[in-house]
Amino acid sequence: MTSTTTPPATGPEAPAPGRPGARLVRAALRHPAVVPVGAVVLALLIGAVIILAAGLDPVTAYAAVISGALEPGSLDYTFSVWGFIIGMALAAAIPLRMGEFNLGGNGQLVLGGLTAAVIAGNLPLPGPIVIPLAVLGAAVVSGAFGAISAPLATRFGIPIIISTLLLSPIAVAVVSYLVRFPLGEAGAAVAQTPRLPQDARMWALGDLSYSNVGLLIILALLVVFWLVDSRSAVGFELRVVGANRRFGAYGGVRVGRLALGAMAAAGAAAGVVGAVMVMSSPFRLIDGALISPGYTFAGLAAALLAGGRPALIPVTAILFTVLQVGGAAMERSADVPRQLSDVLQGVVIVVLALRTVLDQRRTERSSA
Amino acid sequence: SSSGGASSTGAAGDGDNANSIILITPTPIGSNNFLQLASDGAKEAGEKYDASVDVYESEDPTSIQQNLDAAIREKPSIIIGVSFSVLDQFTEAAADNPDQQFLLIDTSAENPTPNLTAATFKEYEATYLTGVEAGLLTQKNNVGVVAALDTPFIHRWIDPFYAGAKSVNPGVATSAQFVGGDNPFGDQARAKAQAQILADGGVDYVQAAASGGNTGVFEAAAESGFKAFGVDTNQCLESPGNVVDNAIKRVDVALVNSVGDILDGTTGGFTSYGLAEGGVSLTGLEDGVADSQCLIADHPDVIEKVAAVRDQIVSGQVVVTDPLTAG
Amino acid sequence: MHVFELGFVAAVLLAATPILYAALAGALSAQAGVFNIALEGQMLWGAFAAVAGSYYTGSAWGGLLTAVLSTALFSVILAVGAARWKADPIIIAIGTNLLAIGLTGFLLRVLFGVSGSFSPRELQGLPKMTFLTDVPVIGPIFSGQTVLVPFAFVVIAAAGIWLKVSPAGLRLRGVGEHPDAAASLGVEVARYQTWVTIVGGALCGIAGAQLALGNVTVFTENMTAGRGWIAVAAVMLVGGRPLWLPVACLGFGAAEALGFRLQGIGAPQQLTDAAPYAITLLVLIATRIRLPRRRTAAAVTTSAPTPAA
Amino acid sequence: MTSTSGNDADAAGLDGPAASAVPAVELIGIGKRFGAVVANADVDLVLRRGTVHAVMGENGAGKSTLMSMLFGLLEPDSGEIRIDGRPVRFAGPLDAIAAGLGMVHQHFRLFDTMTVAENVVYGAEPRRPGFFGRGVVDRAAAAARVRELSERYGLESDPDAVVGSLSAGARQRVEILKALHRDARILILDEPTAVLTPNEVTSLFAVIRRAAEGGATVVLVTHKIHEVLSVSDEVTVLRDGRVTGRFATAEATAASLVHAMTGRAIDEVRNPRTGTPGATVLEVSGLTVGDSGAGSGSGSRTSPGGGGVAAVSDVSFEVRAGEIVGIAGVSGNGQHELVAAVLGTLPARSGRVRILGDDVAGRSVRDRRALGLAVIPEDRRGEGSAVTMSVAENVTLGHHRTPPIGSASGVGRGWMSIRAERARARELIRDYDVRTSGELQPIGALSGGNAQKVVIARELSHRAPLVIAEQPTQGVDVGAIESIHGRLLEHRADGGALLLVSHEISELLALADRILVMYAGRIVAEFPADEATTARIGAAMAGAAEAASEPDPEDPES
Ligand SMILES: Nc1ncnc2c1ncn2[C@@H]1O[C@H](COP(=O)(O)OP(=O)(O)OP(=O)(O)O)[C@@H](O)[C@H]1O
Ligand SMILES: Nc1ncnc2c1ncn2[C@@H]1O[C@H](COP(=O)(O)OP(=O)(O)OP(=O)(O)O)[C@@H](O)[C@H]1O
Ligand SMILES: [Mg+2]
Ligand SMILES: [Mg+2]
């Protein structure tokens, strides 16, 4: 069992015996934040080596990433991306708590987007009604879609990681078809739905043009997950099942239902992201446009890096947001290919997996 | 995958140029040779009018918007947007920034503001001509198209091709295969498989409209003996002996002209570059066919006929319908 | 639809071969109790290495060798991480898959100065078995294929038999079934898992080479486009038994080739995209496969079996 | 004769001088810590060749750890190991095996899908040329080797049987054969009798003595005093990782051993058998259960063939308030499936289960527990706990929706109080005397006996009217047994109903008001306490015991 899915093993609470001083140090070393931070630092070093090997200058490259993502001009955009990545991180983190991997984020995302586009685009209702309706609809549809994987696992023994993986491209293809033919905008050169009416566009935050109320909705979802995970019976059951499925079943946890709920919640989170993306500029669903930024994998990465812990997700999401948004800036001003940010994301995850083990070993040794 | 952003592709000059151009692509240029052409054209224009050139490659609509904002902050002489995908954003931006000059390539707004110039192409006229060639050359009376995706815009390389072929060979059979998949504009393996299917189906002349995937189509041609048509540039050079001709698209020409006009102060409206304007053509109709490595060079008779059709289109005797407006 | 043409058979083989090699890698890992979902990334890396190798050595075989060796090296991350250090193979795999996408794209720019795809004129593809051209039946099917296509079936048969009869094979299966038991008999679990994963890397290298120098002669960013995941599903489908892989993989090949041909009768291109995944899922459901608890545990949850004390 | 090189060496090893000056094994000043826990401290242990040496101690005393070090599974922090007088350092079990050691783990380490022969030769396979000259496993030779060893030591075994289909006793014989195949001259047995019937125990001891007479050296880790007295030559007792007693068995008495183990005297608790049973709490009628495809955990057998076979067929009985009903039987004769079906983790094929009068057909585990059911499972690690989670979390499962931790209704419904969770955990750790560094220690790091106490604490603290206890004292030391038995009797005294599944006849005799005997999924005998005797129960199980060593006769598939 990796501590990725069992905070208790490495959790902040776990004290270490011995002199108080040593105990403090050990406790500090086992703070859940240590692993991610270590992973990131190491990853950045490895990335630097790669940049050097390519005959480029890591310092300017990283500087460009930071400034590109955090310069005042682009903060607005960066925040919106941060929201999307947090949303997709939720879609991965909720099942991760019970030891399941949701690799179907793309399908859930586009289904949500499509639902929102249909509702918001066709219901001639005032914003205060149609916008919540569209978001809710997206959550429901994507939630239902995500939930399919649960019975597939409990009834047919098809691992969720596999079924989500196989279902996703099917959903993407279906949405692509709908956007191209029945729901497509006539005369458009690419497959896309008509532009949403003014009323049906997500409320802006002040004069920000990217970050809108959608960001707040996603953050709200995060808070809810955090409460459920840390304080609720369901959250506890999620972690128990993640640690030992048979133990959970024996203890009276309805594992099947739990999986259903977790996958539905995950799908819903992704669906909400899709809805928010569609209801933000350019206010329409364009074939492939929701997937191409790769928020799904960035979110998965952020969730893994956080070990599914809700409290850490916003932090780890920052990392992948900066890598995403800053990656392009790095390409511009430091002439380091954009793909390097993918490399860094990959390295972070790998290093994290390995660091987790070292951390886990330390726990084992100092346990008892 | 990283989000929208920009790449300074060897600016024609450094900061101290008289003018400046920023080109925004809707997707990474990658293996999309049309976008490649656009950025080459921009650089050419840069050379010609002493302008620094920046190319901002977007990943998705939001990053298009973000690149556009970044570009507007830079206040360049001209911001160029390529393809229909940037239309929404550019139309709005042009309205909001009356003092900034915008240029749309390959798409145009319904009622543009005076600071929004557009240059579109009539690829379909050129594809009609490759169709004519195919119709004349086919022995099996069976021609086809391998296209990247089944989108309205991409039908500009399909329907006119059929029409052209039928115009000279009414009995000819036609069929199309779409690459699709995760990487429709670059998946040579799938493109090749699609071409193979056409070949298995008895097609002996194939219009390759799969962008980066064309390489795969040419490989299939080499292996199973059919002949292909390229697009945008002279792709005969990529696979000599397998490519008959190309529906070329003079993005560079159009871009340089439009930039010139704008810098001279003639802005707004849109020019449509067809056969008449020399914005699109066939390699076979240009000078230097002989050493173009294109098979068409061996068929002067066909070239003659095609040239005739070209003249009819230019003179308006023949009207090629645009699949886009045809719906 | 020309389903009954030999051309169709050829298309099926062509589509199936890269998946076959990758799936064999996955099946061997599964036998050793390592849940290997790094196939997609490893195949992509193999494809890049094959093209780079062929480009620099000027020989397709040089490309194949480069792919095999460097992908084996690439797989060491998973091998050592998961097998020796007992890190979560799924997380490492997700990481290396992303790493492969990034690195190949990055190196494409740094080494060859292009983005998107790389297919210089002088790039050597693997030779086709043209000498078969005039053989009836065989000719139309195999003359357009590389020798790696028939070789795939040889390798799989060999692997299957090896697992059954050889001492090492017996030990490998034991390692997968009950690591603690194997360890208590002095069989070094980590060593077997490490090596089988690295061999898997080499196989993914072959898969990538076949994809980039056999099916076509080019490298394109993300050119594996999900084939590695299909391989993972294939391993699931056959419960990790190599000898059944050809059935599963040819099934996928047929699904894809058929999907393509469906366009011929007016099916939308999106159906083509979905076909292999939909069919896989349906087959999985149909067979209602249930893996042994341990492997399911590894597959369904991250809870790796507790380290041999 | 087989092609395995070792054979003659093996013969030599066993027919060597029965007792020689140099001891076979010397452990000198061995120390081992796990973090803060001292598992072993300055342990000296001398094993003379040709003798049976018992190692006793309470849970967590350090027995398994000591044996793990002797067998090279763990590295000692300090001290020296000598084999035949020569100092050795084992990097791993391989070295230990090479040095002539063999270990039989309490939790069987067998490959269920493989045959007996494959399991025996695994890792040391006889080969014949083949497969591109790399050599292939010589199955004929392997089978011959198994027959030859079985024959020599009286461990009857079918080389071609699939291990997954064997009874616990048969599996244990396979474990021993594994060691013998590797020419083990020093046999380590960690709690080998925990899952055996009296007959199986007797035949095991026969084998042990026979091996010892053949010159082998045997170490026997156990909690059971009568076994120690009956089979061993010498005894070493551990407490808290230290040696607290060395005896020649001849001079040892039960009392002296217990005192050395616990530092106090233990008086066995017994069921007073006062009071009359009340209303029916559990009613099982005509219950038939399919197979629990997955192995039902440590020791117990995964029944043959999966789906087809009925693990429990047409079982009927009832348990009343204030009554303890015992179920005797060889592990793997359906007891576990019976419990699972009552709990709801296994579906019943037919028949009815009523808890406090409610038919629980189609009810979830959670609902059944809500009705008033608590279960102490047989498989502590696999089912009874989550090894990576803290002791606190492990005692909380099932109590997390009810006060004081959760609240059953109102605004707080579905929410938990972490403070209450930890307070309650500390309380239970105190009450049940669990040896742990704190409620936040992962339960996996506890010795099995202590882990067991945690499980029992969790389940009994439900105060459920119906408790099912499967092997509640397996691997638990005498001191703990006493306290656990006390708890179970308390439950009875409070008017609770208890279904006690055990293969310890002594345990059943001490606690049960009625004893049912299960064999091949059926109840084959029932004894009221006053008529029950070891002899009669043993007899009822004995038939089962013989049959169980082969695949069930009832079993269509074999
Ligand atoms: N791997 C480990 N990590 C942490 N603590 C351990 C580990 N192994 C054993 N311990 C601790 O060392 C002590 C001795 O454990 P051991 O298993 O040797 O006792 P035991 O005598 O076998 O107990 P039992 O009679 O219950 O089997 C116990 O306190 C246990 O918690
Ligand atoms: N956290 C842990 N990680 C690895 N190994 C452990 C851990 N905790 C305990 N162990 C090992 O597993 C054993 C479990 O203890 P246990 O006493 O159950 O062994 P056992 O005596 O064979 O079984 P039983 O307790 O049923 O008698 C410990 O002795 C220790 O060696
Ligand atoms: Mg022990
Ligand atoms: Mg024990």
Side-chain angles (χ1 to χ4, degrees), chain A residues 1-2 4-6 50 54-56 96 98-101 103 152-153 155-163 165-170 172-174 176-177 180-181 241-245 297 300-301 304 337-354 356-358 360, chain C residues 35 37 41 77-78 80-82 85-92 94-110 115 221 226 229 232-233 236 268-278 280-281 284-285 287-291 296-297 299-304 306-307:
Chain A
M1 193 67 197
T2 68
T4 345
T5 48
T6 55
I50 295 177
L56 303 159
L96 194 56
M98 67 178 294
E100 301 291 4
F101 286 83
L103 299 189
L152 285 180
R155 286 211 195 312
F156 302 104
I158 302 172
I160 286 180
I161 186 175
I162 299 287
S163 61
L165 200 65
L166 294 173
L167 281 166
S168 182
I170 299 174
V172 171
V174 169
S176 161
Y177 175 81
R180 164 74 175 90
F181 297 106
V241 172
N244 178 351
R245 194 155 292 257
F297 257 80
L300 176 61
L304 290 175
R338 194 197 308 112
Q339 288 83 352
L340 183 71
S341 58
D342 288 351
V343 175
L344 290 180
Q345 293 185 30
V347 174
V348 170
I349 299 173
V350 171
V351 173
L352 162 83
L354 303 185
T356 312
V357 175
L358 303 187
Q360 193 184 359
Chain C
F35 187 54
I37 60 164
I77 304 174
L78 177 67
V80 172
W85 295 356
K86 296 277 177 288
D88 186 332
I90 295 180
I91 300 181
I92 297 188
I94 290 174
T96 50
N97 286 337
L98 207 52
L99 189 60
I101 294 177
L103 264 185
T104 51
F106 181 80
L107 292 176
L108 202 58
R109 294 274 291 272
V110 174
S115 71
E221 280 185 45
W229 291 113
V232 172
M236 285 273 326
Q269 148 239 324
Q270 289 86 356
L271 185 75
T272 313
D273 299 352
Y277 299 96
T280 308
L281 193 58
L284 275 173
I285 294 172
T287 54
R288 301 174 113 257
I289 53 122
R290 285 205 177 287
L291 300 180
T296 322
V300 181
T301 78
T302 49
S303 40
T306 37

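Each chain gets a letter, A, B and so on, in the order its sequence line appears, and its residues count up from 1.
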ask   = Do Gln339(A) and Glu221(C) have side chains that get closer than 4.5 Å, going by heavy atoms?
value = yes
remark   = If you tally heavy-atom pairs under 4.5 Å between each of Leu56(A), Val350(A), Leu167(A), Leu344(A) and chain C, the highest tally belongs to Val350(A)
task = Quick one: closest heavy-atom pair of Ala353(A) and Ala87(C), and the distance?
result = O-CB, 3.7 Å
query = For the atom pair CG (Asp273(C)) and CD1 (Ile170(A)), what is the distance rounded to the nearest 0.5 Å?
reply = 11.5 Å
task = Locate the shortest heavy-atom distance separating Val110(C) from Ala54(A); write the atom from each residue and the value.
result = CG1-CB, 3.8 Å
query = Do Ile37(C) and Ile162(A) touch side chain to side chain, with heavy atoms closer than 4.5 Å?
reply = no
ask   = How long is the gap from CD1 on Ile91(C) to CG on Leu304(A), to the nearest 0.5 Å?
value = 5.0 Å
request  = Below 4.5 Å from any heavy atom of chain A, which atoms of Ile77(C) appear? Answer side chain, backbone, both or neither.
outcome  = side chain
ask   = Just wondering, do Leu354(A) and Trp85(C) contact through their side chains at under 4.5 Å, heavy atoms?
value = yes
query = At what distance, to the nearest 0.5 angstrom, does CD1 of Ile94(C) lie from CD of Gln345(A)?
reply = 12.5 Å
ask   = Checking heavy atoms, do the side chain of Leu152(A), its backbone, both or neither come under 4.5 Å from chain C?
value = side chain
request  = Heavy atoms only, distances under 4.5 angstrom: which of Gly41(C), Gly105(C), Pro276(C) has the most pairs with chain A? Name it, please.
outcome  = Gly105(C)
request  = Nearest 0.5 Å please: distance from the CG atom of Leu103(C) over to the CD1 atom of Ile50(A).
outcome  = 5.5 Å
Residue Leu340(A) versus chain C: region with a heavy atom under 4.5 Å = both
remark   = Interatomic distance, CZ@Phe297(A) vs CG@Leu98(C), rounded to 0.5 Å, equals 7.0 Å
inquiry  = If you compare all heavy atoms of Gln270(C) against all heavy atoms of Ser176(A), which two are closest, and at what distance to 0.1 Å?
reply    = NE2-OG, 3.1 Å
query = Any idea which of Ile349(A), Val172(A), Leu166(A), Leu103(A) has the most non-hydrogen atom pairs under 4.5 angstrom with chain C?
reply = Leu166(A)
